[in-house]
Amino acid sequence: MKVCIIGCGAIGSLYAAHIARVAEVWAFVRREDHARALNEHGIRVSGKHDFVARITAETEVSKLPQFDLGIVATKATQTDEAFAPVGHLFANGAVISAQNGLGSEEILAAHTKAYVIRGTTFMSGTRHSDTHVEYELDTDTWLGPFEPTETPYGVVQEAAALMNDGGLKAKALRDARPAQWSKLIFNASVN
């Protein structure tokens, strides 16, 4: 399976490193020096888990292959800018919005023919550098179909299994909207 992480900050790096243990992982990043560092050193995870994972990072869309799965882990305000150039690369696969807030799934669906999956997590980490993230809170990622793209529940289950196989915690839900709203309410009250 080929997986692309769009946005390799703390959460994106945690997804990239863990999934790279069981699949071929690429990262689409903005800065050339970030891509170079990831290609040379991989991603070091410390804290709850301790390992180094190798991935391929790229800044140029033309150098990216087609993917089976994408995980968008940018800030919600950056969704359109980050995903629009690469949306066509997931036409035969699925894309997960692993972002806080509401509305990112609609943006993803506007730029791809892929199935779109709602993703919500309380997982947290501290990004110490472009190549090192500390895994602090190892909670579930809840995944569910984004209804307008008619995402089959089996596709959601496969994405959750991939995360679990990589060492993360993930649960497939038939309806992830309650989980998404609980995270939104939590963030609104904490922030």
Side-chain angles (χ1 to χ4, degrees), residues 1-20 23-31 34-35 38 43 55-61 63-125 127 130 133 139-151 155-156 158-160 162-163 166 168 170-173 176-177 179-181 183-184 187:
M1 179 174 268
K2 281 188 181 156
V3 179
C4 184
I5 309 299
I6 297 101
C8 225
I11 299 302
S13 292
L14 288 171
Y15 284 124
H18 284 86
I19 294 171
E24 179 182 337
V25 173
W26 292 62
F28 179 57
V29 298
R30 291 178 298 163
R31 298 182 350 263
H34 188 186
L38 288 171
I43 298 174
I55 68 167
T56 303
E58 188 54 68
T59 60
E60 293 182 42
V61 176
K63 294 183 179 179
L64 295 170
Q66 292 287 312
F67 294 101
D68 303 300
L69 180 67
I71 301 176
V72 181
T74 64
K75 299 290 184 196
T77 56
Q78 299 168 336
T79 305
D80 191 64
E81 174 188 352
F83 189 69
V86 296
H88 66 282
L89 298 174
F90 304 93
N92 297 315
V95 180
I96 299 169
S97 169
Q99 302 160 283
N100 290 329
L102 301 172
S104 293
E105 295 85 4
E106 288 85 355
I107 296 169
L108 298 181
H111 293 295
T112 188
K113 293 179 181 174
Y115 292 123
V116 177
I117 298 172
R118 296 178 190 275
T120 302
T121 190
F122 282 91
M123 173 176 66
S124 69
R127 187 172 178 266
D130 283 346
V133 63
T139 60
D140 290 329
T141 294
W142 300 307
L143 302 170
F146 178 59
E147 302 76 11
T149 61
E150 299 181 3
T151 303
V155 171
V156 177
E158 289 174 15
L162 182 68
M163 289 181 185
L168 295 171
K171 288 191 177 158
L173 305 171
R177 288 174 292 189
Q180 192 175 37
W181 275 96
K183 176 71 184 279
L184 179 67
N187 280 356

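Predicted, not measured: the structure shown is a model, and the values here were computed from it.
- Annotation: the span from Cys4 atom SG to Asp68 atom CG amounts to 11.5 Å, rounded to 0.5 Å.
- Taking all atoms of both residues into account, the shortest heavy-atom contact from Ala10 to Val133 is O-CG2, 3.7 Å.
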Task: Residues Ile107, Phe83; criterion side-chain contact (heavy atoms from CB on, under 4.5 Å); working and verdict - done: CA-CA 8 Å; Ile107 296 169; Phe83 189 69; 5.8 Å; no

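- Taking CD1 of Ile96 as the start and OG of Ser104 as the end, the distance is 13.5 Å to the nearest 0.5 Å.
- At distances below 3.5 Å, not a single donor-acceptor pair connects side-chain atoms of Glu24 with backbone N or O atoms of Lys2.
- You'll find the side chain of Arg30 stays beyond 4.5 Å of the side chain of Thr74, heavy atoms only.
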- [ ] Give the intermediate values and the outcome of salt bridge (Lys or Arg N to Asp or Glu O under 4.0 Å) for residues Glu81 and Lys75.
- [x] CA-CA 11 Å; Glu81 174 188 352; Lys75 299 290 184 196; over 6 Å; no

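- Scanning all heavy atoms of the two residues, the minimum distance from Ala27 to Leu38 falls at CB-CD1, 4.5 Å.
- Considering NZ of Lys171 and OG1 of Thr120, their distance stands at 13.5 Å, rounded to 0.5 Å.
- Considering every non-hydrogen atom in both Cys8 and Ser13, the closest pair reads O-OG, 3.1 Å.
- Scanning both residues, Leu143 and Gly119, for their nearest heavy atoms gives CD2-CA, 3.8 Å.
- Taking CD1 from Ile71 and CD1 from Ile6, the interatomic distance works out to 8.5 Å, rounded to the nearest 0.5 Å.
- To the nearest 0.5 Å, atoms OG1 (Thr59) and NE2 (His34) are separated by 11.5 Å.
- Taking 4.5 Å as the limit, some side-chain heavy atom of Asp80 sits within range of a side-chain heavy atom of His111.
- Between the side chain of Thr112 and the backbone N or O of His88, no donor-acceptor pair lies under 3.5 Å.
- Of all heavy-atom pairs spanning Asp140 and Ala170, the tightest one is OD1-N, 4.1 Å.
- Side chains of Val3 and Leu162 form a contact here, defined as non-hydrogen atoms less than 4.5 Å apart.
- Using bins of under 30°, 30° to 60° and over 60° for the plane-to-plane angle, the ring pair Phe67/Phe90 lands in the parallel bin.
- Side-chain atoms of Ser97 never come within 3.5 Å of backbone atoms of Arg118 as a donor-acceptor pair (strictly under, hydrogens ignored).
- Across every non-hydrogen atom of Ile5 and Gly12, the tightest pair is CG2-O, 3.6 Å.
- When atom types are taken as modelled, the side chain of Thr151 and the backbone of Tyr115 share no donor-acceptor pair closer than 3.5 angstrom.
- The only member of Leu69, Thr56, Ile55 that meets side chain to side chain contact (heavy atoms under 4.5 Å, CB included) when paired with Val25 is Ile55.
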Open item on the list: Test side-chain contact (heavy atoms from CB on, under 4.5 Å) on Phe28 and Leu89; report intermediate values, then the result.
Closed with: CA-CA 12 Å; Phe28 179 57; Leu89 298 174; over 6 Å; no

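- Separating the NZ atom in Lys113 from the CG atom in Asn92 is a distance of 9.5 Å, to the nearest 0.5 Å.
- Put simply, the side chain of Thr139 gets close to the backbone of Met123: a donor and an acceptor are under 3.5 Å apart.
- The neighbour count for Arg31 CZ, taken as heavy atoms of other residues, nucleotides or ligands under 6.0 Å away, is above 12.
- Side chains of Leu168 and Thr141 form no contact here, defined as non-hydrogen atoms less than 4.5 Å apart.
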